[in-house]
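Here is the structure we will look at, set down as structure tokens.
In what follows, chains are A, B, ... by sequence order, proteins preceding strands, each numbered from 1.
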Number of protein chains: 2
Amino acid sequence: MLTDLQPSPTTGNAALLRVVESGPAGLVKARCPEFAGIRASVVRAGRDAVLVAQADPADYSFLVISGCLRTVRLMSDGRRQIGAFLFPGDFFGLEALNEHTFGMEAVGPAILRRYLRCSLEAYADRNMDFARRLRTMSAKRLRSEQARVLALGRMTASERIARFLLEMAHRTDASGPCIELPMSRADVADYLGLTTETVCRMLTQMQREAIIAINRSLIAIKDGDALAALAGE
Amino acid sequence: MLTDLQPSPTTGNAALLRVVESGPAGLVKARCPEFAGIRASVVRAGRDAVLVAQADPADYSFLVISGCLRTVRLMSDGRRQIGAFLFPGDFFGLEALNEHTFGMEAVGPAILRRYLRCSLEAYADRNMDFARRLRTMSAKRLRSEQARVLALGRMTASERIARFLLEMAHRTDASGPCIELPMSRADVADYLGLTTETVCRMLTQMQREAIIAINRSLIAIKDGDALAALAGE
DNA sequence: CGATCTGTTGATGCCTGTCAAGAGGGGTGG
DNA sequence: CCACCCCTCTTGACAGGCATCAACAGATCG
């Protein structure tokens, strides 16, 4: 059963792993020519590498090139909230003020570009198209945060999981109905305001109802309509 | 007991009520000279007036002049989430895309300025200081949404209430330790992802513990340290 | 091949939601 | 001006969903 869910050897993660040799928290920097006329450096991060710590001064913004990252906020007693999962093309820290309220960590091996925030600001001052792009991106981020407020405030565990699966299917440009979740169940739980156990239970329940099929980090959507119905709205 | 919590006759709401004569959903428009060089009209709204319906095309942005408003999102089965409470100086709809995902309603009598979004965009293109202000405002809104994600995802009912009281004390420039909540308990509940009953219970519990004193919409903070401790972080 | 980590499942408890009823105020109409 | 109605707020009893605690299986890695 589920033999069609084996991870393909062409995922590319193996290659990334080879690049990062300094271990779990390893960071390697290199020069990168430019992007939209702005200087940037390339950052490579290994699994669980902390690229930005919570309350760090917001000197830099990041653009994800490959891999997956999470933004994290920790409470003093250890409770954790994940603000967002970042995929290639996503930005982090564009709309920061003086300091980052969320940290950023690599879920798995990842590559990003790092920009000086003040240079982005300066470029936005000179280039009104770029300024518009910044506003549009902020609007999208805000919209997704508002969707999460609704989800965390008013939705049940199964609704949150269903929405999450649909979101992931949409964002990880999955050609087929099969999603590979790069993050752990604990990450999913902290993203959705649940516990690891509840995430597992909801997933297995959906599997029992033949809505999805699960094989570790691979999830196949068997009945998209039923999943959308669970997600509500 | 609590005679010091009587609402003062100088609240100003009485005057507002006199202005709005067209009833609960009344809207009156008038010309307003300008703001930052941008044409705007003045909108007066009575209690529970719907100024923007959910999924309305996002043609306009609003600046609150007086009163209090709420942004609302409704699910098909009636569950309601309040996105934010807006006070004088707050904007609504600046960072909208094609349509508003949240509606906007007046909590009580309110006055706002209404701007054409395209004219704000055009002004931002010409004026980089204004563009910067827009970015800063977006950043602040995003930050507050992120704080709510943390609250709704990982905080208990009492923590949410405590944070809410502190937030209100901070935003309604209360000179003393006494807050007047313009919104109903149901609004508070839908803002915090709780029920009316839970909000009441937490408030009375805090009153029993001599942290606050309650008289209808008036809340006096008796022990700010204890409240801050309850709020965590 | 053993240690460790992640994922899964089960038993139990608690926080908060649900349902219900009553109290108190404010507005309206007689 | 007063009585009535309605709405909001409050409190109680109970239930349910999710968290907590615990144990185990499987995978990964040294």
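With rounding to whole Å, A:Ile161 atom CD1 is found 14 Å from D:dG17 atom C1'. In this structure, CG of B:Leu152 is placed 19 Å from P of C:dC15, rounded to the nearest angstrom. At whole-Å resolution of the value, CZ in B:Arg79 and P in D:dG17 are 13 Å apart. Between the CG atom of B:Leu203 and the C1' atom of D:dT10 there is a distance of 11 Å, given to the nearest Å. For the pair B:Ile214 CD1 and C:dG25 P, the interatomic distance rounds to 15 Å; values are reported in whole Å. Distance, A:Glu197 CD to C:dT8 P: 11 Å, rounded to whole Å. For A:Arg216 and C:dG7, the CZ to P distance is 7 Å, given to the nearest whole Å. In this entry the distance linking CE of B:Met202 with C1' of D:dT10 reads 14 Å, nearest Å.
Judged by closest nucleotide on DNA chain C, A:Ala186 is the one of A:Ala186 and B:Ala157 placed further toward the 5' end. Heavy-atom nearest nucleotides on DNA chain D were determined for A:Met155 and for B:Cys200, and the one closer to the 5' end corresponds to B:Cys200. Each of A:Arg154 and A:Met183 was assigned the nucleotide of DNA chain C with the nearest heavy atom; the assignment lying further toward the 5' end belongs to A:Met183.
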Is there a side chain to side chain contact (heavy atoms under 4.5 Å, CB included) between B:Gln81 and A:Met155 once you walk through the steps? CA-CA 10 Å; B:Gln81 177 68 46; A:Met155 289 191 181; over 6 Å; no
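Between B:Thr204 and D:dT11, a side-chain N or O to OP1/OP2 separation shorter than 4.0 Å is present. At C:dT8, none of the side-chain N or O atoms of A:Arg201 fall inside 4.0 Å of OP1 or OP2 (strictly under the cut-off). Between A:Thr195 and D:dA19 there is a side-chain polar atom (N or O) within less than 4.0 angstrom of OP1 or OP2. Distances shorter than 4.0 Å separate some side-chain N or O of A:Thr198 from OP1 or OP2 on D:dA19.
Ring geometry for A:Phe92 against A:His100 counts as parallel: the plane angle stays under 30°, on a 0 to 90° scale with 60° as the upper cut.
The minimum heavy-atom distance linking A:Arg154 with B:Asp190 is given by the pair NH2-OD1, 2.8 Å. The heavy-atom pair separating A:Glu95 from B:Leu142 by the smallest distance is CG-CD2, 2.7 Å.
Separating the CG atom in A:Leu227 from the CG atom in A:Leu165 is a distance of 5.5 Å, to the nearest 0.5 Å.
Heavy atoms of B:Leu194 sit under 4.0 angstrom from primed sugar atoms or phosphate atoms, though from no base atom.
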